[in-house]
Asks: 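Submitted below is the structure of interest, expressed as structure tokens.
Proteins get letters first, then strands, A, B, ... in listed order; numbering begins at 1 in each. Since this is a predicted model, take the numbers as computed values, not measurements.
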Protein chains: 2
Amino acid sequence: MGDVARIAGVSPSTVSLYLRRPDEVSEQRGQRIRAAVDRLGYLPNTMAGGLASSRSRIIGVLVPTISNSFFAATLDTLEKRLREAGYQLLIGNTEFDEAREEELVRSMMSWSPAGLVMTGFRHGRRTVSMLLDSDIPLVEMWDYGQPALDMVAGFSHYATGQLIARHLLERGYRDTAFISPRFSRDVRAGERYRGFREGIEQGRGRVTMRELSGATDTAEAGTLLSELMAERPSISAVFCANDMVALGVMFECQRRGWEIPERLAVAGFGNLEFTPNTVPPLTTVEPPKYEIGQQVAELLLARLGKSGEAEAHQVDLGVHLITREST
Amino acid sequence: MGDVARIAGVSPSTVSLYLRRPDEVSEQRGQRIRAAVDRLGYLPNTMAGGLASSRSRIIGVLVPTISNSFFAATLDTLEKRLREAGYQLLIGNTEFDEAREEELVRSMMSWSPAGLVMTGFRHGRRTVSMLLDSDIPLVEMWDYGQPALDMVAGFSHYATGQLIARHLLERGYRDTAFISPRFSRDVRAGERYRGFREGIEQGRGRVTMRELSGATDTAEAGTLLSELMAERPSISAVFCANDMVALGVMFECQRRGWEIPERLAVAGFGNLEFTPNTVPPLTTVEPPKYEIGQQVAELLLARLGKSGEAEAHQVDLGVHLITREST
DNA sequence: CATCTATTTCGTAGCGCTACGATAGCGGTA
DNA sequence: TACCGCTATCGTAGCGCTACGAAATAGATG
């Protein structure tokens, strides 16, 4: 920066000021500085800046796994919006593990990030206390309706389960099943199950639940469905924890020649890319995966703008039921 | 850190040394320092450290989009391996845009990252010169076989196309089609097409190519297939640029009652989660999506270990043809 | 033209850590 | 006991920037 200042014939402070708030420097010097920067290919040292100002343009984001298409979609918009505002994402995989989450929070905090984004409400004790002690803006995303630490952008998985329950009951399905990846691997699926079961039971229906044991959703869903239907042939509808599972179920029906929805109605969750296009088109629930990213960015930016005002904002983005021919 | 030193009754330098290389500090003081750190909940300030040592534990990663399941899988393993080694990922979306890529490289560089990871070989002129001027270890991933700037971990998409061509020819398919997202949105698909076309033409076959116009692969694949088959009913096999497109094609066949592979053989690329499970199971090519992440991490760590030795390493991870009943 | 105010520019003192050379401490040897 | 060579510890000088108050300049007013 010294070099830039020398070449532009101004003091380093002026260069620094120009780089941060160009409109507070006269047009004349601004031009000279700009020229010098270009000529030298000068890149400011972000760490030095961060140290001096004790704040950074970093947003730490923690997700259970990046390779889940829901979180990936959220990360995508989140990154876009925040980059536009000059922030960068430091991303960490918690792998559904509280210890790892704590470790990651610790290392994110050591960057004095401008904000932190985490997935869900369940965090370890020590993690929570670190979070509360710091005054770093925090958004918990993808869930809604439970006590939060600061801001929230998500939706209620419980309500989602109820929504599907109501839909199936309306269509006259009473004997139902729920097929899901292990709840330990997907807490949110567990919440959807709770909502679904309560909804169905309130309607005097019945739910049989099965958790997949493996990591891949589609493959095992088929065999699990066969077992389930052998055990209890009266089941007339199945709600799958996500569209991948539903796809597996539909393939199994196709193999067995079972008509959907006549023999078995199928509903999913996610409205993935292929979902509108299955045979028959799959009834599902569309989660606001992109909107969450968008909203998280907005909450963060709002808080970062007017510092001081520490109003906690929690927003429920809701879901849409998409009724198609599979139910 | 001063506080920790005071409480532990040692000098700040010793604390710093302990935190970086614990085995160079006596067991006795180490213990006292550890106690003080715990007691104060001390978190080192990474930026100060980075400034002082002029290097950081950051790896910048640029992908065209996070929400592509291939890159997401790579990011997942990459993050895991690098976190184990004490590094963190700064992630950027280039959105297939060279200008944005340049901007991102610039802002990554301003963090003096320990390494940089980019997708593919096509970069803007200025980006390339920034990259070459710096001596930051760089890995270009997901491609192989073209001139690289430094290290490479990927595979040849051209060879992948040829592999499928050979397979289809062996099975007696000569009149083929290739359906793909726009090459501008997926350069790699374009490479697979090149390899496929040359392979088929060498075998005296024929390829009709169609690009999807929209963003969603599955939905449009069906209508495109219909048009294609109306125009040229003699087509007996279609190679889809990815399994999502293939899924769309298969659904369309199901709707029309076309037997796969009797009426039309289908092959894909990706071996996605659902692929082994379609009806009939889909022939596809398995890309080393996790292995790339792994390999990128290894190349980077090897280079970061023994500094100085700037041997460029380029590794071709290859692909596997997975023959199933759809061809 | 002097005076006052608002704006632009500048100088200096850190931010919290690491690197490096200086110092202290220790056991072994003559 | 004096001396050596080693390792463990410490002190100090930055790393490259920003914040803040002081100084300089420009513009407005009587």
Asks: Using heavy-atom distances to pick each residue's nearest nucleotide on DNA chain D, tell me which of B/V15 and B/A48 is more 5'.
Replies: B/V15

Asks: More 5' along DNA chain D: A/L19 or B/V25, using each one's nearest nucleotide?
Replies: B/V25

Asks: For B/R55, report the nucleic acid contact type (base, sugar-phosphate, nothing); a contact means any heavy atom under 4.0 Å.
Replies: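 Sugar-phosphate, no base atom in range.
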
Asks: Is the closest side-chain heavy-atom distance between B/Q88 and B/R57 below 4.5 Å?
Replies: no

Asks: Starting at atom CD1 of B/I33, determine the distance to atom P of D/dA8, rounded to an integer number of angstrom.
Replies: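 So the two atoms are 13 Å apart, to the nearest Å.
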
Asks: Could you check whether B/Y42 gets within reach of a base, just the sugar-phosphate, or nothing at all, counting any heavy atom under 4.0 Å?
Replies: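 Answer is sugar-phosphate: B/Y42 comes under 4.0 Å of backbone atoms only.
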
Asks: Any ion pair linking B/K80 and B/E84 (charged N to carboxylate O, less than 4.0 Å)?
Replies: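 No, no charged N to carboxylate O under 4.0 Å.
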
Asks: Measure the distance from CG on A/D3 to P on D/dG16 and round it to the nearest whole Å.
Replies: 10 Å

Asks: Could you tell me how far apart A/N45 (CG) and D/dT18 (C1') are, to the nearest whole angstrom?
Replies: 12 Å

Asks: Look at the side chain of A/L51 and decide which nucleotide, out of C/dC15, C/dC10, D/dT18, has an atom nearest to it.
Replies: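 Per side-chain heavy atoms of A/L51, the pick is C/dC15.
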
Asks: Please check the phosphate of D/dT9 (OP1 and OP2 only) for any side-chain N or O of B/S11 closer than 4.0 Å.
Replies: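 Answer is no, no contact under 4.0 Å.
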
Asks: Once the angle between the rings of B/F70 and B/W142 is folded into 0 to 90°, is it parallel (under 30°), tilted (30 to 60°) or perpendicular (over 60°)?
Replies: tilted

Asks: CG of A/L17 versus P of C/dT7: gap in Å, rounded?
Replies: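 Going from A/L17 (CG) to C/dT7 (P), I get 14 Å.
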
Asks: Using a heavy-atom cut-off of 4.0 Å across all strands, would you classify A/P44 as base, sugar-phosphate, or nothing?
Replies: sugar-phosphate

Asks: Grab the CZ-P distance between B/R21 and C/dT18 for me, whole Å please.
Replies: 10 Å

Asks: Provide, to the nearest angstrom, the distance between the CD atom belonging to B/E24 and the C1' atom belonging to C/dA19.
Replies: 13 Å

Asks: Under 3.5 Å, is there a donor-acceptor pair between the side chain of B/D76 and the main chain of A/I66?
Replies: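 Between the backbone of A/I66 and the side chain of B/D76 there is a qualifying donor-acceptor contact (under 3.5 Å).
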
Asks: Do A/E103 and A/R100 meet the salt-bridge criterion of a basic N to acidic O distance under 4.0 Å?
Replies: no

Asks: In whole Å, what is the span from the CG atom of A/L43 to the P atom of D/dG16?
Replies: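 That distance rounds to 14 Å.
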
Asks: Ignoring the backbone of B/A52, work out which of C/dT9, D/dG14, D/dG16 is nearest its side chain.
Replies: D/dG14

Asks: Checking contacts here: which listed nucleotide (C/dC10, D/dT18, D/dC10) is nearest the side-chain heavy atoms of A/T14?
Replies: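 Of the options given, the side chain of A/T14 lies nearest C/dC10.
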
Asks: May I ask you to verify if any side-chain N or O of A/R29 is less than 4.0 angstrom from the OP1 or OP2 atom of C/dT8?
Replies: no

Asks: Return the nearest nucleotide to the side chain of B/S26; candidates are C/dC10, D/dT9, C/dT8.
Replies: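 Of the candidates, D/dT9 comes closest.
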
Asks: Can you tell me the distance, in whole Å, between the CE atom of A/M1 and the P atom of D/dG16?
Replies: 12 Å

Asks: Do A/S13 side-chain and C/dG11 base share a donor-acceptor contact under 3.5 Å?
Replies: yes

